[in-house]
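Heads up, the thing below is written out as structure tokens.
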Amino acid sequence: MKRTLISELSEKIGERVRIRGWVHTVRDQKRVQFLVIRDESGLAQVVAAKEEPPSELNEAVSALTAESAVTVVGTVIADDRVNLGGLEVRLEELQVDSLADAELPIALDSALDKRMDWRYLDLRRPDRRLIFEVQTTAEHAMREFWHREKFIELHTPKFMGSASESGAELFKVEYFDREAYLAQSPQFYKQMAIAAGLGKVFEVGPVFRANPSFTSRHDTEFTSVDVEIAWIDSHDDVMAFEEQWLAHVLARVKETHGADIEETFGSEVVVPALPFPRVTLERAKQLLRERGHEAPGPLDDLDPPSERALSAIVSEQQGHEFTFVTDYPTTVRPFYHMRHADRPELTKSFDLLWRGIELTTGAQREHRYEQLLAQAEDKGVDVGPIQYYLDFFRFGAPPHGGFGFGLTRLLMQLLGQDNVREVTFLYRGPHRLEP
RNA sequence: GGGGGCGUAGCUCAGCAGGUUAGAGCGCUGCCCUGUCACGGCAGAGGUCGCGGGUUCGAGUCCCGUCGCUCCCGCCA
């Protein structure tokens, strides 16, 4: 007999069905037994009259434990007394596919770290499933847009012979008789694709950061969304692409899950207006000062409290959740970010803030070999190990730029969660390698 | 790496200025209950109070160390 999803039961009233799922609750009374079965589509009540003495079926129901995996055969009956959709399944056969231990190690209100220990139980909660449905929709919408715009999808190697950026946050691994590093970014390789003439490229893939970061928005392995575009005139072209792409993604998420997200997580999905507000770092600092926010920390960057404050100011003044902050000084940007011709101390770079958190870093890249070399030396970068990268720009490289984008940070903000661990299937952090 | 908070039953927590057998709710086990729907009722089991030292007549409670968790900062996506 074919399996019926619980969401389809209302179309099968009077029919015999086979449903498969988990025991949500057991209410074993004197005269009647109720089971609530949960599958990926919903909850359903299953009922069995108790016989005197109890039948084998009654005994089997009594022996069930919560979260056991079961297969139930019965007849669908409409009954107004039932709160769950006004229908129930009259139990005829019960097969216990896997009996769960009686006592579960976590509850609905368990602490995050404990829930991480038992992630597969944590994820059985229906509202957690929505997280990954939204992720699926968001990624699909991203690809939809890229595909329409004729982007090429990349799969770059995650083993590297040398650092792709700073070098301070690399995981070192054994690689036969030498050492290799886990890629902390596909940065160099997506630029290589530009030098290779692929035009516009993207990659959705894992990146590894050996930072001992203990915050709600960092992990040591996460899914990075990377984009690189050739033949641009400036970083403005990159921002223009990103805002259209993101607006498309959020529109798709809203139309598919907007109501569910609001109901489940109390977070409204807002499709952003175009263009997004843009503000230079200089102007951002000025805005913050005007509004009485003392921007502490380094003078040439925004610390997290300042980013939150800036987002709040822009939201209040312009009614927009997104803010591009542009033109960061060379001191806080990598050597390959292109510098402004008229103000060489500033880069043609940007960050994208959403609801107070950093979602993206992007820039126009320096594609002129001599200039790139000079900037590397200026930043004190040892060019020896990255000569292969510099070589990309020796045989005709188009002007280009792109951005890196944190997928889990998007999801966290989208679903009003306060921690990336909630929206990561399996979190990896400095002290978390299991399960 | 720096700073704050926390670590007591399976889970979530309470625990007085240090003082006799360490508590609650949920869960679990057993019994009872004509349809429940977070079912309800009664009873019961379950804890080296993270670990190691120290102070004290006496420490879950104070001190030191250590491990773990958590948040913020740094770093970044």
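Basis for what follows: all heavy atoms, side chains included, without hydrogens, waters or symmetry-related copies. Numbers restart at 1 for each chain; the letters A, B, ... are given by sequence-line order, proteins then strands.
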Can you list every pair that meets ring-ring contact (aromatic ring centres under 6.0 Å, His included) and has a residue in residues 110-136 of chain A, with sequence neighbours left out?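 Sorted result for residues 110-136 of chain A: empty, none.
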So which pairs with a foot in residues 16-50 of chain A pass ring-ring contact (aromatic ring centres under 6.0 Å, His included), sequence neighbours left out?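 Listed by first then second residue: nothing to list.
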Among [range], which contact RNA chain B at a heavy-atom distance under 4.0 Å?
range                       : value
residues 4-20 of chain A    : none
residues 118-139 of chain A : none
residues 419-427 of chain A : Asn419(A), Arg421(A)

Aromatic stack Phe405(A)/A77(B): centroid gap under 5.5 Å, interplanar angle under 30°: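 Not stacked by the 5.5 Å and 30° rule.
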What does the B/S/- profile of nucleotides 40-52 of chain B look like, 5' to 3', with a 4.0 Å heavy-atom cutoff to protein? -------------
Ignoring the backbone of Ser213(A), work out which of C28(B), C75(B), G35(B) is nearest its side chain.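 Ranking C28(B), C75(B), G35(B) by closest atom to the Ser213(A) side chain puts C75(B) first.
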Could you check which of U36(B), C75(B), C72(B) has an atom nearest any side-chain atom of His218(A)?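 When the side chain of His218(A) is considered, C75(B) is the closest of U36(B), C75(B), C72(B).
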With sequence neighbours excluded, what pairs up with [X] under the side chain to side chain donor-acceptor pair (under 3.5 Å) test?
X         : value
Asp236(A) : Ser234(A)
Glu282(A) : Arg343(A)
Thr280(A) : none
Arg31(A)  : none

Ring centre gap for Trp245(A) and Phe202(A) strictly below 6.0 Å: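 No, the ring centres sit 6.0 Å or more apart.
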Centroid-to-centroid, Phe208(A) to Phe171(A), below 6.0 Å?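 No, they do not, as the ring centres are separated by 6.0 Å or more.
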Residue pairs involving residues 238-254 of chain A (criterion salt bridge (charged side-chain N to carboxylate O under 4.0 Å, His left out); sequence neighbours excluded):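 Found Glu144(A)-Arg252(A), Glu243(A)-Arg278(A), Arg252(A)-Glu255(A).
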Watson-Crick or G-U stems of RNA chain B, 3 or more pairs, under 3.5 Å, by first number: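 Consecutive-pair runs (3 or more) involving RNA chain B: B:1-7 with B:67-73, B:10-13 with B:23-26, B:28-32 with B:40-44, B:50-54 with B:62-66.
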